[in-house]
Amino acid sequence: MHFQEWLQSLHSSGGVRGPVREDFWSLLPSLPSSSSFSLSSLSRSPSSLLGIGALASLTAYWLVTRRRPMQPPCDLNAQVFMQSVLQGEPNWRRSALLKDDALLEFYYDDTRTAYDMFQRGLRVAGNGPCLGFRKPGEPYQWISYTEVAEQAQVLGSGLLGKGCQPNPEQFVGIFAQNRPEWIISELACYTFSMAVVPLYDTLGEEAMYTPIPLAYNYSLERGKNCGVEILELTQLMPPKPQDLAVVCFTSGTTGTICFYRSLCESSSSLPPLPYVSISYLPLAHMFERMIQVSMFCHGARVGFYQGDISLLMDDIKTLKPTFFPVVPRLLNRIYDKILGSVTSPLRRAVLHYAVRRKQAELSSGVVRNNSLWDRLVFNRIQANLGGNLRFILTASAPISPTVLSFLRATLGCLIFEGYGQTECTAGCTFSMPGDWSAGHVGAPLPCAMVKLVDIPDMNYYTKNGEGEICIRGHSVFRGYLKDEEKTAEALDSDGWLHSGDVGQWLLNGTLRIIDRKKHIFKLSQGEYIAPERIENVYMRCVPVLQVFVHGDSLKSHLIGIVVPDPEVFIDWVKERGIIGSYKELCQHPDVKKAVLEDMTAVGKEAGLKSFEQLKDLHLHPEMFSVSNGLLTPTLKSRRVDIRRVFQEQITNMYSTTAI
């Protein structure tokens, strides 16, 4: 069975909901005690006969309707096919969901561009709700698919009236937060074959005025202020699959070129996403773009957050989404908040026991949110996320297996993990439905093939199943905008995209991310350091919210900048006999020592070598964020900027730490 057909059948049959096995026992009538129970007593006791009859009926009902393990779409022990390549090139692998070596191009014959995918959603949903928005304290209001299509056509006509040309060489910048006008503006460009250039407001003026022919910067307010003339629709020129669709800027001013064909092939490999999604991740980022395109293709609804990330949980409770795209940082916060809210030893013991029971179900392939443990323990946790979640997709960075397994149990919904980057149109691997193990990012998507190549300097060799991750397929980008040098660094002559990430093949064909090639550096003794891998380990520490690992080629040890989690930090320190405000505790030397000891213990348990452990740290009371310039719009650390901001603390730590 094809992956999407399998997941569509799951979607239509009710997803993770199912009868509760535990409830069966509560329905049983009381039977006579064992000392008096006999066949002869049954003949003299009508109530006993009725009880046995009820027992037989309920047993038959349970056997018919019980929650059965989810059937995966392929053998979970062989999730890829490995193909040998001539002339000694490393083996490449493709999804076991494919019948042959031909990669998936388009799932629906009539959806070959992002414009086509929205038109399909329009046919499916008709006048149904499409884009949602809300004001503080109010319910969501909805714009229908029909209204979105009409507004996009009128806006596109206005762009033509302002001199824009209806072809892929016409670049149109969109500068706005996530909101309905963003999508309408994008669709207006696609309607007339124009290329979209999403602009991050955090990239500064350099990105806003890049040397490309930006003919028109549009957001709803700016359009009104500039007096945009709305013209009648005169000509509809939908794009072709080979046309340029998006120029995506990620963490700098290098524009990644993505074609309509790439957008469709990548989104065709995603499951049909159900009903309602919350949009808060940057629309200028390819991960969120793929989510949106897939939602629209199936006539689903997208509700936008209010624009303030601190109000996101309130928006989620109001919208009650069934699909939730996330990044690991947010899942880590949810995990920490759940554990931090359970203070008494008894409640903590009950929580961990309930988690183990749900994880036992997961190991047998059962995913549900209506078991006895869900009703007794996890109901409030699930209600805080709207109570209707059925799918969660995490990407953008690795997530701790501990956190992932815990949340799969507590949230009672399908949680998938994916891997990719802007250059391969967001995704190249995806965890297989039915495989609820953690510690990997799944197998290659049907639209991509993946291989590993040797990295001798880091001692990673393909003969050991390790190496740099390389991707090839129609979803891989064609190059960076007007930057042949960087394009040649990313794409080799055979069309393989070199990701800069280090992967490891597991026995079942799934891929594990184990290191990062691009940010490695050497210590003075010659040891290579991959700071992002170490940071991911330290993120498992209870008091740690964010961490930045720094090293110097003239020094023999590592130091770090740590942002404690304000929601658990004060209580965590209080348990160690120290009391104070959040900022005061960050400056307390004994608190720093306790945090460093906890991080060292976690690092040792995770297998970090001695030279990979921090020898000193600085506790900083302000989160790294996009607004203060220490995170990229995709929530990755701006390593150069963090080093610059904390240069004084870094210098002091190296001058006072004796090794």
Open item on the list: Test of understanding: with side-chain hydrogen bond (donor to acceptor under 3.5 Å, both in side chains), list the residues that count as partners of N384, not counting sequence neighbours.
Closed with: none

Task: Shortest non-hydrogen contact from A195 toward P168 - done: CB-O, 3.6 Å

Task: Minimum-distance pair of heavy atoms, taken over all atoms of W182 and Q177 - done: CD1-O, 3.7 Å

Task: pair L283-R289: side-chain heavy atoms closer than 4.5 Å - done: yes

Open item on the list: Rounded to the nearest 0.5 Å, what separates atom CG in L187 from atom CG in L122?
Closed with: 9.5 Å

TODO: For side chain to side chain contact (heavy atoms under 4.5 Å, CB included), just list the numbers for L511 and R93, CA-CA rounded to whole Å, side-chain angles, deciding distance to a tenth of an Å, and then say yes or no.
DONE: CA-CA 11 Å; L511 185 67; R93 308 189 184 202; over 6 Å; no

Open item on the list: Once rounded to the nearest 0.5 Å, what's the spacing between atom OG1 of T487 and atom CG of D483?
Closed with: 6.0 Å

Task: Sidechain-backbone polar pair: Y145 side chain, A300 backbone, donor-acceptor under 3.5 Å - done: yes

Task: Closest heavy-atom pair and its distance - L411, I415 - done: CD1-CD1, 4.4 Å

Open item on the list: Centre-to-centre under 6.0 Å for F304 and F133, is that the case here?
Closed with: no

- [ ] Would you check if M432 and P73 make a side-chain contact, meaning some heavy-atom pair closer than 4.5 Å?
- [x] yes

TODO: Using a 4.5 Å cut-off on heavy atoms from C-beta on, say whether the side chain of E186 contacts that of Q292.
DONE: no

Task: Main-chain N/O of L630 paired to N628 side chain as donor or acceptor, under 3.5 Å - done: yes

TODO: For the pair Y305 and L311, evaluate side chain to side chain contact (heavy atoms under 4.5 Å, CB included) and give the outcome as yes or no after the intermediate values.
DONE: CA-CA 8 Å; Y305 81 130; L311 301 176; over 6 Å; no

- [ ] Output, in order, the C-alpha distance, side-chain angles, deciding distance and verdict of side chain to side chain contact (heavy atoms under 4.5 Å, CB included) for R472 and V450.
- [x] CA-CA 7 Å; R472 189 168 72 179; V450 178; over 6 Å; no

TODO: Using distance alone, with no hydrogens and no angle criterion, decide if E485 and Y480 have a side-chain donor and acceptor under 3.5 Å apart.
DONE: no

- [ ] Could you tell me whether the side chain of R639 reaches within less than 4.5 Å of the side chain of E532, counting heavy atoms only?
- [x] yes

Task: Over all atoms of both residues, closest heavy-atom pair of P325 and L281 - done: O-CD1, 4.0 Å

Task: Shortest non-hydrogen separation from L98 to P446 and the atoms involved - done: CD1-O, 3.5 Å

TODO: For the pair T422 (side chain) and M286 (backbone), establish whether a donor and an acceptor sit closer than 3.5 Å, ignoring hydrogens and angles.
DONE: no

- [ ] Kindly indicate whether the side chain of V326, heavy atoms from C-beta on, has any atom under 4.5 Å from the side chain of I334.
- [x] no

Open item on the list: Closer than 3.5 angstrom, by distance alone: can the side chain of R94 be matched with the main-chain N or O of A102 as a donor-acceptor pair?
Closed with: no

Open item on the list: I'd like to know if the side chain of S279 reaches the main chain of V302, judged simply by a donor and an acceptor atom lying under 3.5 Å from each other, with no hydrogens or angles considered.
Closed with: no

Open item on the list: Whether the S499 and Q421 side chains hold a donor-acceptor pair (N or O, under 3.5 Å, no angle test) is what I'd like checked.
Closed with: no

TODO: Would you give the length of the straight line joining atom CD1 of I184 to atom CD of Q151, rounded to the nearest 0.5 angstrom?
DONE: 4.0 Å

- [ ] Check each of F323, F324, F430 against F416 using the ring-ring contact (aromatic ring centres under 6.0 Å, His included) test, and report the only one that passes.
- [x] F430

- [ ] Give a yes or no on whether the backbone of Q153 and the side-chain of T191 come within a donor-acceptor separation of less than 3.5 Å.
- [x] no

Open item on the list: If you compare all heavy atoms of R301 against all heavy atoms of V276, which two are closest, and at what distance to 0.1 Å?
Closed with: NH2-CG2, 3.2 Å

- [ ] Using a strict 4.0 Å threshold on nitrogen-to-oxygen distance, state whether R134 and D315 make a salt bridge.
- [x] yes

- [ ] Could you tell me whether the side chain of C413 reaches within less than 4.5 Å of the side chain of F391, counting heavy atoms only?
- [x] no

TODO: Answer yes or no: is there a side-chain heavy-atom contact under 4.5 Å between Q170 and F192?
DONE: no

Task: Distance in Å, I392 CD1 paired with R408 CZ, rounded so as to fall on 0.5 Å steps - done: 10.0 Å

Open item on the list: With heavy-atom distances below 4.5 Å as the criterion, would you say the side chains of L491 and V476 are in contact?
Closed with: yes

TODO: Begin from the C-alpha positions of V148 and F118 and carry the test side chain to side chain contact (heavy atoms under 4.5 Å, CB included) through to its verdict.
DONE: CA-CA 10 Å; V148 171; F118 183 86; 3.5 Å; yes

- [ ] Ignoring hydrogens and angles, state whether a donor on the side chain of T146 or S144 is under 3.5 Å from an acceptor on the partner side chain.
- [x] no

Open item on the list: Could you check whether any side-chain N or O of Q165 sits under 3.5 Å from a backbone N or O of G163, counting only pairs where one atom can act as donor and the other as acceptor?
Closed with: yes

TODO: Kindly compute the distance separating CG (N178) from CD1 (I183), expressed to the nearest 0.5 Å.
DONE: 8.0 Å

Task: Main-chain N/O of G442 paired with H440 side-chain donor or acceptor, under 3.5 Å - done: yes

Open item on the list: Just to verify, what does Q382 make a side-chain hydrogen bond (donor to acceptor under 3.5 Å, both in side chains) with, not counting sequence neighbours?
Closed with: D374

TODO: Verify the neighbour count for atom CD of E484: are there more than 12 heavy atoms of other residues, nucleotides or ligands below 6.0 Å?
DONE: no

Task: Separation of L330 CG from T394 OG1 (nearest 0.5 Å) - done: 9.0 Å

TODO: Scan R120, R123, Q119 and name whichever one has a side-chain hydrogen bond (donor to acceptor under 3.5 Å, both in side chains) with D110.
DONE: R123

